[in-house]
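The structure appears right after this line, and notes come after that.
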Amino acid sequence: MSPTYAIKSFGCQMNAYDAERIGELLEADGYGVADMAAADVVVLNTCHIREKAAEKVYSDIGRLRTRDGGAPRIVVAGCVAQAEGAEIVRRAPSVDVVVGPQAYHRLPALLKQGRAIDTDMPVVPKFDMLPARRVRVGASAFLTVQEGCDKFCTFCVVPYTRGGEVSRPADAVFAEARALAEAGARELTLLGQNVNAYDGGDGTGLADLIRRVAQVPGIARIRYMTSHPRDMTDALIDAHAQVPQLMPYLHLPVQAGSDPLLRRMNRAHTRGSYLAQIADIKRRVPGIAISGDFIVGFPGETHDDFEQTLSLVREVGYAQAYSFKYSPRPGTPAATMDGQVPEAIKDARLAELQRVIGEGALAFNRASVGRTCEVLFERNGRRPGQLIGKSPWLQSVFVSDATLAIGDIATVELVDAQPNSLEGRLVTLAQAA
Ligand code: 5AD
Ligand code: SF4
């Protein structure tokens, strides 16, 4: 009988993409898929961005070690693997393999070695070594085009766990986009830690890449994330106005609203430059939805700094935003800065920020009611006959209609708004799956 594997992925979409590729790699090596309770090999694809995420892996290892019917072989992959390396095996001796995000193409070989640790950032990119994409994928698929970060925000582990900024060649991205389209994808989200810093050589930027991917037959929608304000180009904004497949949505994190804080975060932009950029984008791409990321309780954050974050959120009018309590990460400059903020203050500020973000999201959704737009249906809803899809502005839209199927793109009238979703009514089926 062939051996089996299961993967649990934590954290960002790039990790979700890596988990898919690890699955394909193991299947190409003869493994079959199983659930966590039965698999011979369990891969934990970990996240190191905040302490809470990083600690989750150890509770999972504990559970797997004492699993009914015997422990599986345990692989720790992802960013905790990169950051902690051999320390993981010292702390959790039941782990067999530790493999970093730039070395996982070697996982089948590492599994054959018994115990192994590989946190290299090899010269030959892993993408060249991975097997072809799966025969079937979902209606919306991720495609990593760029990895790593050279910006060194003082709170962030990414430059250490994922390495410096590296872009995949445009031809390789195009080939993978075609393979994903043939496997059933109708929407592609081009991923990168700094995706708008994409540099395919010979002056090929993200805007050029998007224009190329838009030519792939079957790809009706293109998205990209995450962008850095410093790398936002005119060409990319123009692409929003000119490429019909490029969805009107921009995730452009600012992190905070006060200049002294942004300086200590080493963000390389100011409140004013960010607001001016957003105003320019909104003028050139009317109706575009903006989203962002925020950190509260960064070292030295005063009440006034925090008020400035709230006022920036109100001024931008985010369609949605993600917010986090600052978590000191080993080896990053902010972890040893003076003025660490007490947990209770972080909690209160996070609650207040999330309230203001929620008000903005509800206002954005309410303003959509009465509109007609195309929705790509991605999964079943909880009620029988109900499907959940995404509007062009990345809102979740629920529609109950027996004629719809997953993978369909339909014209839908938005009839009711909640803070995190909208109710829609089918107008016509635009493109069947
Ligand atoms: N603490 C809290 N949030 C963080 N992020 C990155 N590093 C930290 C940290 N140390 C947030 C940022 C980033 C998002 C992916 O995670 O907002 O944009
Ligand atoms: Fe981290 Fe800043 Fe790089 Fe984003 S831009 S990955 S927050 S260092």
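Both ligands and their constituent atoms are indexed starting at 1 by order of listing.
By the criterion of a heavy-atom distance under 4.0 Å, the side chain of Ile295, and not its backbone, is placed next to ligand 1. For Phe324, every heavy-atom contact with ligand 1 shorter than 4.0 Å involves the side chain, none the backbone. Contacts between Lys325 and ligand 1 below 4.0 angstrom, taking non-hydrogen atoms only, involve the backbone exclusively.
Glu24 places no side-chain N or O within donor-acceptor distance of the main-chain N or O of Arg133, the cut-off being under 3.5 Å.
Taking all heavy atoms of Tyr326, Phe298, Phe155 into account, the minimum distance to atom 7 (N) of ligand 1 is reached by Phe155.
Every atom of ligand 1 is numbered from 1 in the order shown, and the set under 4.0 Å from a heavy atom of Arg50 is 1 (N), 2 (C), 3 (N), 4 (C), 5 (N), 11 (C), 16 (O). With ligand atoms numbered from 1 in the order given, ligand 1 contributes 12 (C), 13 (C), 17 (O), 18 (O) to contacts under 4.0 Å with heavy atoms of Gln255.
Applying the ring pair (Phe, Tyr, Trp, His ring centres under 6.0 Å) test to Tyr58 and every residue at least two apart in sequence or in another chain returns nothing. The ring pair (Phe, Tyr, Trp, His ring centres under 6.0 Å) check on Tyr5 picks up nothing, with sequence neighbours excluded.
Note on ring orientation: taking the six-membered ring where Trp is involved, the planes of Phe152 and Tyr160 are perpendicular (angle over 60°, cut-offs 30° and 60°).
An N or O contact shorter than 3.5 Å links Asp293 to ligand 1 by distance. Checked against a 3.5 angstrom limit, the closest N/O atoms of Arg329 and ligand 1 fall outside it.
Applying side chain to side chain contact (heavy atoms under 4.5 Å, CB included) to Arg349 and the options Thr309, Asp305, Val296 leaves one that passes, Val296.
For the residue pair Ser368 / Gln395, a side-chain donor-acceptor distance below 3.5 Å is found, with atom types taken as modelled.
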